[in-house]
Structure formats: structure tokens, C-alpha cells
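Order of listing sets the numbers, starting from 1, for every ligand and every atom in it. Being a predicted model, the structure only gives us computed values, none of them experimental.
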Amino acid sequence: MKALQCVELAGPEKLIFGEVDDLVPGPGEVLVHVKAASVNFPDVLMIQGLYQFQPPMPFIPGAECSGVIAEVGDGVTACKAGDHVFVMAGHGCFAEQLVVEESRVNLVPNEMDFPVAAALAMTYGTSLYALKQRAQIQPGETLLVLGAAGGVGLAAVELGKAMGARVIAAASSEEKIQTCLEHGADEAFIYPSGNLDRDQQKELSNKIKELTGGLGANVVYDPVGGSFSEPVLRAMAWEGRFLVIGFAAGDIPKPPLNLALLKGCQIVGVFWGAWTMMFPDENQKNFQELFDLYASGKINPEIADRFSLENAGQAIAHLKNRKARGKVIIDV
Ligand SMILES: NC(=O)c1ccc[n+]([C@@H]2O[C@H](COP(=O)([O-])OP(=O)(O)OC[C@H]3O[C@@H](n4cnc5c(N)ncnc54)[C@H](OP(=O)(O)O)[C@@H]3O)[C@@H](O)[C@H]2O)c1
């Protein structure tokens, strides 16, 4: 089969595309013929050796894909050959074939096309869990989303709207905020793309206060981190929830904890992957809710860019270089 391989921990330009051995499922495993895969930020980190879980070298990158079950190993009961699925594999998806444990495979409705199925699980799964289970967001509350045109960010914009929130999107370019408005954001503004200095941080806090009538945001969704988190925390509403999603800007912020005291707010950690392992049944209910929201037109993943499997390295570079809007898809 054809696959993209990581043979040294480095940037996307060092990935190698070529032939590798075909795969055979063992007991409890399934063989998936991959139809579409999508790029997520952890792919960028993993090929550089910067992610919390590292597969042994060499490995095939790609955390997430959709496809058709080609064969099941002994003891598999949850799915059968011919089923349409999406897969949260961790790695191995940027290839024609994938073998995973049956627990990593989820059936998808046959009417959902493969690129959409590949775009849905990680970003919408994370954002639904964050807004519903972690923030318990309520209709009428204000949701501020940073990095709002990115994968998890745009999912949070759409889901926030679907849950009745007033959504303020923040991103680094005009094109990106336009995408957020097209996906339902009530308001959107541009922030600087580099590290924020003191004045820029103050400006960001003031902007949020201005857009919330001085009250601050009830819920903040932060996949960016770096110099952005503290000024946003300074613009929380009383009893607000600040969702710690990720650190795409690179640095892990260390905001003074007196801000949580002064705002009477919560700083809430979100680790969707761990939750799916601990509460698989709850996660299945969330997936079903996502399928229903998609069928009713309330969510619609943005697929702005598509690449061939041969060019999957360029797809990872596209995300790494901050050019992506919504999801980057690899057609296999
Ligand atoms: N907690 C969880 O369970 C969970 C699950 C999935 C993902 N995540 C994390 O969420 C974050 C976003 O993931 P994603 O897949 O949505 O990535 P993505 O599509 O690349 O979105 C990240 C956004 O961050 C912003 N950003 C700011 N500084 C950046 C920089 N220096 N480099 C790259 N982007 C930068 C960009 O928006 P602007 O250009 O508009 O600033 C970009 O759109 C990652 O840290 C990822 O690990 C967490």
C-alpha cells in the first residue's frame, strides 16, 4: 500500500511518501480502507517528537480518518466488512490502509460523505465535550473563541451557536474572521498574529469588555495559549468558565491565579481524548448528537483545502504555517 512515513523527527518536508507492506488485522482489530483523512495540530507536533504520545519510529502520521471496513479480525463484534466508519487512530491514517483496535472505530451514517466524516470526530468531538460537559454553556451566554477559524475553533463557533450562545470569534486575519462569520459567529475581530506585548494585551482585554457591554465573556474557548490567555482571563464575566484547550502559539501561559479569585471564575481543563477512554458511552452519545446536528444543517465542517495522499506532507505544513481554515482534508 501507499503511505506517508515519518523516518526522522523533523518538519513536514522530511516526511517520505512511498510503498509499505499491506496490513492484516489481528484478533480484536479491523482493517480499514482509508477514503479521507484530516490534519490536526497533534500531527504537526508528533512528527517533530513534541507530542505527549510518540509512536516508535518509523511511523505513519495522521490521527484521524474515515473509510470502509475491509476485514475484521477474530472476536470483533461491533462492526463488519462494508461498514462506513471514522477512526480516531492516534497515528497511521495518512495511508491507504489502517489496522486499529475495534474500540477506535465508530460507525457513521452512510449518507455522510467521507471528507465530512474525516473532519468531524476530533474537532467537533473536542468542542462539544468542552462546551457541553465542561462549560455547561447556557443559551444567551457569551462565548469567546480564540483561533476561531482553526479546526477546533470553528467547531466551537458552530456548536456555540447551535447551543444558543452569542458567539464572538477572534482570529489573526480578515479572511479568517470572514470564515467565522459565515459559520455563524455574531461578531468577529482580528488580533495581532505575533506575541502580544503589554499594550496589545490591554487592547485585547478592552476589546472583549467593549463587545460584552463591560461584563466580560461567560465562556472562553482557548486553543491558542501563549500571550493571549492572560488578557482574555482578565476579561471574564463573573462565574465565567475559561476552557483550556491547547497551546497552538507554543508557550504554556502561567496566569496569576488571583484573576480566578477576582472574577469568581473557573479555569477548566479539557482533555477530550482521555475522557473518551474513561466514558466511551457518553462520547458515543455526543457523536450521535453531532450526526443529528449535521443532518439538521446546524453544523457544517469547513473544508477549505484538500490534498492528495502523495502531498499529505504539504497538508501538514499548511496547518503548521497557520494557513488552514476549518479542516484540511487528504483524499486517499
Ligand atoms: N484539549 C483537547 O482535548 C484538544 C483536542 C484537539 C486539539 N487540541 C489542541 O487545540 C489546538 C488547536 O488544534 P487544531 O487542530 O484546531 O489546530 P489549527 O486548525 O491549526 O488551529 C489552531 C489555531 O491557532 C491559532 N494560532 C495562534 N498562534 C499560532 C501558531 N504560532 N501556530 C499555529 N497556529 C496558531 C491559529 O489561528 P489564528 O491564526 O487565527 O491565530 C490557528 O487557526 C492545538 O493546540 C491542539 O493540540 C486540544
Side-chain angles (χ1 to χ4, degrees), residues 11-12 37-48 50-53 61-64 88 90 118-135 144-159 169-180 183 185 188-196 200 204 221-229 232 242-253 267-279 283 286 301-305 315-329:
S38 74
V39 186
N40 291 283
F41 208 80
D43 302 326
V44 174
L45 300 175
M46 199 179 276
I47 61 168
Q48 300 174 89
L50 301 175
Y51 197 55
Q52 59 248 49
F53 310 112
E64 170 176 44
M88 297 298 308
L120 206 70
M122 192 184 279
T123 51
Y124 285 82
T126 299
S127 294
L128 182 58
Y129 166 61
L131 296 177
K132 184 179 160 186
Q133 274 88 7
R134 301 303 282 143
L144 171 74
V145 183
L146 298 182
V152 294
L154 203 55
V157 168
E158 286 196 337
L159 289 168
S172 66
S173 72
E174 181 60 39
E175 195 189 23
K176 286 186 176 183
I177 64 163
Q178 277 311 320
T179 300
C180 297
H183 283 260
F189 68 91
I190 302 176
Y191 54 54
S193 59
N195 238 355
L196 302 184
Q200 289 171 322
L204 178 56
Y221 186 97
D222 180 12
V224 173
S227 57
F228 289 77
S229 304
V232 171
F242 181 102
L243 297 168
V244 181
I245 306 293
F247 313 103
D251 292 335
I252 298 176
I267 299 173
V268 183
V270 176
F271 189 174
W272 177 66
W275 179 75
T276 63
M277 301 287 178
M278 284 183 258
F279 301 98
N283 185 48
N286 273 15
E302 168 84 17
I303 298 174
D305 306 287
I316 300 177
H318 193 67
L319 194 96
K320 180 173 184 276
N321 297 334
R322 222 163 155 176
K323 290 188 182 146
R325 283 176 296 120
K327 291 296 288 183
V328 178
I329 291 293

If you compare all heavy atoms of Val152 against all heavy atoms of Ser127, which two are closest, and at what distance to 0.1 Å?
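Taking Val152 first and Ser127 second, the nearest heavy atoms are O-OG, 2.9 Å.
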
Taking all atoms of both residues into account, what is the closest heavy-atom pair of Ser227 and Leu196, and its distance?
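Minimum heavy-atom contact is OG-N, 2.8 Å.
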
4.5 Å side-chain heavy-atom contact, Tyr221 and Val270
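No, every pair of side-chain atoms sits at 4.5 Å or beyond.
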
Phe53 and Pro42, any side-chain heavy atoms less than 4.5 Å apart:
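The answer is no, as the side chains (C-beta and beyond) never meet within the 4.5 Å cut-off.
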
Under the side chain to side chain contact (heavy atoms under 4.5 Å, CB included) test, residues paired with Gln52 that sit two or more places apart
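Residues passing side chain to side chain contact (heavy atoms under 4.5 Å, CB included) with Gln52: Phe271.
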
Between Ser172 and Ser193, is there a donor-acceptor pair closer than 3.5 Å when you use the side chain of the first and the backbone of the second?
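No: the side chain of Ser172 does not pair with the backbone of Ser193.
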
Considering only heavy atoms, which protein residues lie less than 4.0 Å from any atom of ligand 1?
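Only Asn40, Phe41, Thr126, Gly147, Gly150, Gly151, Val152, Ala171, Ser172, Lys176, Tyr191, Pro223, Val224, Ile245, Gly246, Phe247, Ala248, Ala249, Val270, Phe271, Trp272, Leu319, Arg322 have heavy atoms that fall under 4.0 Å of ligand 1, ordered by chain and number.
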
